[in-house]
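Input: a single structure, listed below in structure tokens.
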Amino acid sequence: MRIATWNVNSSRARAERIGDWLDRSDVDVLAMQETKARDHQFPESVFTDRGYEVAHHGLSQWNGVAIASRVGLEDVRIGFPGQPGFGEPEEREARAIAATCGGVQVWSLYVPNGREVDHPHYAYKLRWLEALREGGAARLAEDPEAQIAYVGDFNIAPQDDDVWDMAAFEGLTHVTEPERAAFAKLVDAGFAEVVREYTPGPGVYTYWDYKGLAFPKRKGMRIDFVLASPALRARVTGASIDREERKGKGASDHAPVIVALDGADSQPVDRPQSKK
DNA sequence: ATGGCGTCTCACAGACGA
């Protein structure tokens, strides 16, 4: 079984490309973020035409998360217990959806960006991650054998190597100590990040800004991850980042990340062409 | 050089993204 996560940056603008990628990648489960659609606008046929079931959660043109699966899609959940909202009054956003696919509970997560360190969105981001951790820890305490995958766009670069130049991120979100601590607490709660060991850096990223030729200049960030509960982690045998998908016209600014279970094939690994 | 690029909407400007 192969599970992928991909911030598609609009399901409608990317519909054809998502279909082509499914044909090429042959994954069993695809978790998507930033679908940027309400439920009735989501291009379901891209998935159903190819034999996938799909669940989508979108409330507006912002955010939006979905899971497509050809190994079953059961027990769909919208949001997680205690998931905080944003704004005044606080509104819960479309940033989390779960489904059990082939015995694995897959959570497609779009962690809040944070915007700026002194912006209310940043505190929201930290609250959101803490609530996610609490729920995950409680779930593992209940059932230590649970197969849970927290996948998606975490909007955190956990290590200095996860950005092309730490100096360029001075004072910016995604690399601050509290964000990294929140990520580490989730890992410490039992949800190990399983992609990095198969796609070692430096210079290995999952996101490249559209601006300033960031992709060809290899100025990216590693911010998309797969976190696995202990029972699931034991099944992981490979992972890859499909940076080919970032190429060409009409690409998302994020690349798909794939995890292989039980010896399934994994895509070629993203590697820097040159080192200085 | 607050540019740059892409996507969205009660669109032709502003919000959001990271």
Side-chain angles (χ1 to χ4, degrees), chain A residues 5-18 21 32-43 46 56-66 85-88 91-96 108-126 128-129 152-180 182-183 201 203-225 241 243 245-257:
Chain A
T5 179
W6 188 13
N7 179 324
V8 295
N9 185 21
S10 171
S11 54
R12 288 174 284 173
R14 216 72 60 215
E16 193 175 332
R17 231 174 135 129
I18 294 169
W21 188 78
M32 288 158 276
Q33 302 85 37
E34 283 212 85
T35 60
K36 294 188 172 176
R38 293 173 175 82
D39 288 345
H40 72 275
Q41 299 172 308
F42 183 72
V46 166
H56 176 259
H57 174 47
L59 299 170
S60 70
Q61 72 268 41
W62 308 121
N63 315 306
V65 281
F86 184 68
E88 201 54 60
E91 283 185 49
R92 193 190 268 200
E93 300 175 309
R95 294 182 178 274
S108 179
L109 304 172
Y110 180 44
V111 175
N113 170 295
R115 298 184 190 170
E116 286 155 34
V117 172
D118 57 2
H119 193 286
H121 211 261
Y122 179 82
Y124 167 51
K125 179 180 195 173
L126 296 178
W128 202 96
L129 287 160
D153 178 356
F154 283 79
N155 271 321
I156 297 170
Q159 301 183 12
D160 289 358
D161 275 354
D162 295 336
V163 298
W164 77 92
D165 178 12
M166 273 300 285
F169 284 83
E170 178 86 44
L172 300 183
T173 61
H174 293 62
V175 299
T176 68
E177 189 279 327
E179 289 166 284
R180 288 178 169 180
F183 188 89
V204 175
Y205 309 121
T206 64
Y207 161 88
W208 299 262
D209 201 306
Y210 287 123
K211 293 173 279 189
L213 298 175
F215 183 64
K217 289 179 179 172
R218 300 185 171 268
K219 293 182 171 182
M221 305 172 73
R222 188 200 289 259
I223 54 177
D224 300 87
F225 298 99
I241 299 165
R243 76 185 297 285
E245 177 52 40
R246 180 63 180 78
K247 296 179 178 175
K249 200 167 169 54
S252 168
D253 43 4
H254 292 251
V257 175

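Proteins come first, then strands; the chains are lettered A, B, ... in the order of their sequence lines, and each starts at number 1.
Comparing the C1' positions of dA1(B) and dC16(B) gives an interatomic distance of 22 Å, to the nearest angstrom. For the P atom pair drawn from dG4(B) and dT9(B), the interatomic distance equals 24 Å after rounding to whole Å. The C1' atoms of dA11(B) and dT7(B) are separated by 12 Å, rounded to the nearest whole Å. Rounded to whole Å, the separation between the P atoms of dC10(B) and dG6(B) comes to 23 Å. dC12(B) and dT2(B) are spaced 26 Å apart, taking the P atom of each and rounding to whole Å.
Ring centroids of Phe169(A) and His174(A) are separated by 6.0 Å or more, keeping the two rings apart. Tyr124(A) has its ring centre less than 6.0 Å from the ring centre of His121(A).
Of the candidate nucleotides dA18(B), dT9(B), dC8(B), dT9(B) has the atom nearest to the side chain of Gln41(A). Nearest nucleotide to the side chain of Tyr210(A), out of dA18(B), dG6(B), dC8(B): dG6(B). In the set dG6(B), dA15(B), dA18(B), dA15(B) carries the atom at the smallest distance from any side-chain atom of Trp62(A).
The CG atom of Leu59(A) sits 15 Å away from the C1' atom of dC8(B) (whole-angstrom rounding). Between Asn113(A) atom CG and dT7(B) atom P the separation is 18 Å, expressed in whole Å. Distance, Glu16(A) CD to dT7(B) C1': 17 Å, rounded to whole Å. Rounded to a whole Å, the NZ atom of Lys211(A) is 13 Å from the P atom of dT2(B). What separates CD of Gln33(A) from C1' of dC16(B) is a distance of 17 Å, to the nearest Å. Taking atom NE2 of residue His121(A) and atom C1' of nucleotide dG17(B), one finds them 10 Å apart after rounding to whole Å. Straight-line distance from the CG atom of Asp209(A) to the P atom of dT7(B): 13 Å, rounded to whole Å. Atom P of nucleotide dA18(B) and atom CD of Glu179(A) are separated by 12 Å, given to the nearest angstrom.
His119(A) comes within 4.0 angstrom of no nucleic acid atom, judged by non-hydrogen atoms across all strands. Heavy atoms of Phe169(A) sit nowhere under 4.0 angstrom from any nucleic acid atom. Contact annotation for Ser10(A): backbone-only contact, meaning every heavy-atom pair under 4.0 Å involves sugar-phosphate atoms and none involves a base. Within the 4.0 angstrom heavy-atom criterion, no nucleotide atom of any strand lies near Glu116(A). In this structure, Asp153(A) reaches the sugar-phosphate backbone alone: every heavy-atom distance under 4.0 Å involves primed, P, OP1 or OP2 atoms, never a base. Residue Phe154(A) is out of contact with every strand shown, counting any heavy-atom pair closer than 4.0 Å.
Between Tyr110(A) and dA18(B) there is a side-chain N or O to OP1 or OP2 distance below 4.0 Å. Contact annotation: Arg14(A) side-chain N/O to dG6(B) OP1/OP2 distance is not under 4.0 Å. A sub-4.0 Å separation between OP1 or OP2 of dT9(B) and a side-chain N or O of Arg12(A) is present. Under 4.0 angstrom from either OP1 or OP2 of dA18(B) there lies at least one side-chain N or O belonging to Asn155(A). The side chain of Arg115(A) contributes an N or O atom lying less than 4.0 Å from OP1 or OP2 of dG17(B).
Remark: Arg222(A) is not positioned above the aromatic ring of Tyr205(A), lacking an NZ or CZ atom under 6.0 angstrom from the ring centre and at most 45 degrees off the axis.
Nearer to the 5' terminus of DNA chain B, by closest-nucleotide assignment, is the contact made by Ser11(A) (compared with the other of Asn7(A) and Ser11(A)).
Residues Ala66(A) and Thr35(A) approach most closely at CB-CG2, 4.2 Å, considering heavy atoms. When all heavy atoms of Ala157(A) and Val163(A) are compared, the pair lying nearest together is CB-CG1, 3.7 Å.
Neither side chain, Asp162(A) nor Tyr207(A), offers a donor N or O lying under 3.5 Å from an acceptor on the other.
One finds a salt bridge joining Arg180(A) and Asp160(A) here, because a Lys/Arg side-chain nitrogen approaches an Asp/Glu carboxylate oxygen to under 4.0 Å.
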